[in-house]
Amino acid sequence: MQIDRKHVNETFLKDVSIFDENDIKIKLKIDHTYRVASLCERIAHSLHLNQEDIDLAWLLGIFHDLGRFVQVQQYGTFYDSLSENHALLSCRYLFSQNKIREYILDPSEDPLIKKAVFYHNVYALPKDLTNRELLFAQILRDADKIDILKVNLETPLEDIYDVSLEELKQEDISNAIIQDALSHRLVDLSHAQTHMDHYVAHICFVYGLVYPESIRIMKQQGYLEQLLDFPSENPDTKQALCQVQIQIKQYMQRCFVYSSKK
């Protein structure tokens, strides 16, 4: 499938121009979209995919959060639990009125695109994906996880978590979330009770990375260390973050040794 990146970019900018770019949530999602697309391309390159597949991976980055713009406009939040599943919104935006044809004319990869976008935010991918579907879903999920850490550092936390920084500094981390973090697992957000639970869930994205290049990128960026240095004023939360930091450091050391051999 041939993808005209210039045309895709022009179409994306036209689509998001109807939203208020002065809204920090809208602006961060535009920037996030481009960075995720670039990360998808980098990961795809590292896997020695052909140029058409590299372009497809890039395209998935452009598509994956289109529903976020509608979500912010309608609900004013990034919390799916308080609005709608943003991945579903992205698929609906692309496919319910055939909007995808404004980006690309060739429909041959539509089923793969729909699955990759729809599953980019799930806790675990379904077992019935084909090898090709799994490949692209994992590339997109890795790229998204990597950049969400950057978003957490460059965007005021109040605008991400819909809570004041002072409140966030006082919050607890739920026991179930701590156990996930200490067990080298992605956080199950169905157990989340506080905003800090969501913050820790983002840190634990490292446990979900699949590809060696993704591990290398996260190591090079150094965002994990910065996020773990959160200035909590809650003694229990400070202690929990210290424990998580030890586990993250050990995990990253093992993963980086492994990825360096690839």
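All values below come from the heavy atoms of this structure, side chains included, with hydrogens, waters and symmetry mates left out.
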Using the side-chain contact (heavy atoms from CB on, under 4.5 Å) rule, take His184 and Arg254 through it: C-alpha gap first, then chi angles, then the decisive distance, then the call. CA-CA 12 Å; His184 300 180; Arg254 290 200 301 271; 3.2 Å; yes

Has Glu133 got a side-chain atom pairing as donor or acceptor with Thr130's backbone, closer than 3.5 angstrom? yes

Between His64 and His86, is a ring pair (Phe, Tyr, Trp, His ring centres under 6.0 Å) present by the stated rule, with each step listed? CA-CA 9 Å; His64 83 287; His86 74 275; 7.7 Å; no

Tell me, do Arg92 and Leu88 make a side-chain contact under 4.5 Å, heavy atoms counted? yes

Do Asp23 side-chain atoms and Phe19 backbone N/O form a donor-acceptor pair below 3.5 Å? no

Side chain Thr237, main chain Glu171, donor-acceptor under 3.5 Å: yes

Side chain to side chain contact (heavy atoms under 4.5 Å, CB included), paired with Met196, selected from Val163, Ile177, Asn234, Ile173: Ile173

Check whether more than 12 heavy atoms from other residues, nucleotides or ligands sit under 6.0 Å from atom NZ of Lys6, and answer yes or no. no

In terms of hydrophobic clustering (I, L, V, M, F, W, Y; side-chain heavy atoms under 4.5 Å; direct or indirect links), are Leu227 and Phe230 co-clustered? yes

Under 3.5 Å: donor-acceptor pair, side chain of Arg101, backbone of Asp106: yes

Tell me yes or no: between the side chains of Gln71 and Arg68, is some donor less than 3.5 Å from an acceptor? yes

Neighbour count above 12 (heavy atom, 6.0 Å) for Glu166 CD: yes

Side-chain H-bond candidate by donor/acceptor type, Ser164 with Glu167, under 3.5 Å: yes

Without swapping roles, check the side chain of Asn85 against the backbone of Asp80 for a donor-acceptor pair under 3.5 Å. no

CA sep, side-chain torsions, deciding dist, call: Asp162, Thr77, side-chain hydrogen bond (donor to acceptor under 3.5 Å, both in side chains): CA-CA 7 Å; Asp162 297 334; Thr77 184; 2.8 Å; yes

Do Val187 and Tyr251 belong to the same hydrophobic cluster, where Ile, Leu, Val, Met, Phe, Trp and Tyr are linked whenever their side-chain heavy atoms lie under 4.5 Å apart, directly or via other members? yes

Tell me, do Gln138 and Ile43 make a side-chain contact under 4.5 Å, heavy atoms counted? no

From Ile217 atom CD1 to Ile146 atom CD1, the distance as rounded to the nearest 0.5 Å: 4.5 Å

Here's one to test your reading of the geometry: is the NZ or CZ of Lys29 within 45 degrees of the ring axis of Phe69 and under 6.0 Å from its centre? no

I'd like to know if the side chain of Glu52 pairs up with that of Gln2 as donor and acceptor (distance under 3.5 Å, no hydrogens or angles considered). yes

I'd like to know if the side chain of His198 reaches the main chain of Gln193, judged simply by a donor and an acceptor atom lying under 3.5 Å from each other, with no hydrogens or angles considered. no

Phe95 to Asp110 - nearest heavy-atom pair and separation: CZ-O, 3.8 Å

Between Val72 and Asp20, is there a side-chain heavy-atom distance shorter than 4.5 Å? no

Backbone N or O of Ala87 within a donor-acceptor pair of the Tyr119 side chain at under 3.5 Å? no

Return the minimal non-hydrogen interatomic distance between Asp180 and Tyr207, and the atom names on each side. O-CE1, 4.4 Å

Close side-chain approach of Ile104 to Ile113, heavy-atom, < 4.5 Å: yes

Salt bridge between Glu102 and Lys14, side-chain N to carboxylate O under 4.0 Å? yes

To the nearest 0.5 angstrom, please state how far the CD1 atom of Ile100 sits from the CG atom of Leu105. 10.5 Å

Does any donor atom in the side chain of Asp197 or Ser174 lie under 3.5 Å from an acceptor atom in the other side chain? yes

Between Ala116 and Leu140, the two heavy atoms sitting closest are O-CD2, 3.5 Å

For residues Tyr199 and His202, establish whether the separation of their ring centroids is below 6.0 Å. no

One should read off an interatomic distance between Lys238 NZ and Glu233 CD, to the nearest 0.5 angstrom, of 8.5 Å

Measuring only between side-chain heavy atoms, which start at C-beta, is Tyr161 closer than 4.5 Å to Asn152? yes

Would you say that Leu89 contacts Leu66 through its side chain, given a criterion of any heavy-atom pair below 4.5 Å between the two side chains? no

Using the rule given for side-chain hydrogen bond (donor to acceptor under 3.5 Å, both in side chains), can you reason through Gln51 versus Asp55, listing the C-alpha separation, both sets of side-chain angles and the distance that settles it, and then say yes or no? CA-CA 6 Å; Gln51 189 57 52; Asp55 289 342; 2.9 Å; yes

Drop me the distance from Leu165's CG to Gln170's CD, to the nearest 0.5 angstrom. 10.0 Å

Are Ile139 and Leu60 packed together at the side-chain level, in the sense that at least one heavy-atom pair is separated by less than 4.5 angstrom? no

To the nearest 0.5 Å, what is the distance between CG on Leu182 and CD1 on Ile248? 9.5 Å

Might you work through the side-chain contact (heavy atoms from CB on, under 4.5 Å) test for Arg35 and Asp31, ending with a clear yes or no? CA-CA 6 Å; Arg35 291 196 302 263; Asp31 295 342; 3.6 Å; yes

Can you tell me if Lys169 has over 12 outside heavy atoms packed within less than 6.0 Å of its NZ? yes

If I compare all heavy atoms of Gly67 with all of Ser90, which pair ends up nearest, and what's the gap? N-OG, 2.7 Å

Between Phe78 and Asp159, is any pair of side-chain heavy atoms under 4.5 Å apart? no

Hydrophobic clusters here meaning ILVMFWY residues chained together by side-chain heavy-atom distances under 4.5 Å, can you tell me if Ile178 and Phe205 are in one? no

Would you mind checking if Glu109 and Lys115 are paired as a salt bridge, meaning a charged N to carboxylate O distance below 4.0 Å? no

Could you give the distance from CZ (Phe63) to SG (Cys40), rounded to the nearest 0.5 Å? 12.0 Å

Using a distance-only test with no angle check, is there a side-chain donor-acceptor pair under 3.5 angstrom linking His32 and Asp144? yes

Establish, from distance only, whether the side-chain atoms of Asp147 and Tyr34 form a donor-acceptor pair under 3.5 Å. no

Among Thr11, Asp4, Asp15, find the one that has a side-chain hydrogen bond (donor to acceptor under 3.5 Å, both in side chains) with Tyr103. Asp15

Between Thr33 and Phe12, what is the shortest heavy-atom contact and its length? CG2-CZ, 3.7 Å

Are there more than 12 heavy atoms of other residues, nucleotides or ligands under 6.0 Å from atom NZ of Lys99? yes

Give a yes or no answer on whether the side chain of Ser214 reaches the backbone of Asp142 with a donor-acceptor pair at less than 3.5 Å. no

Give the intermediate values and the outcome of side-chain contact (heavy atoms from CB on, under 4.5 Å) for residues Asp188 and His191. CA-CA 6 Å; Asp188 184 350; His191 300 147; 3.5 Å; yes

Show the numbers, then the answer: is there a side-chain contact (heavy atoms from CB on, under 4.5 Å) between Ile246 and Gln250? CA-CA 6 Å; Ile246 292 169; Gln250 292 175 353; 3.8 Å; yes

Aromatic plane relationship, His195 with Tyr79 - under 30° parallel, 30 to 60° tilted, over 60° perpendicular: perpendicular

With no hydrogens and no angle check, just 3.5 Å: does a side-chain donor-acceptor pair link Thr194 and Asp172? no

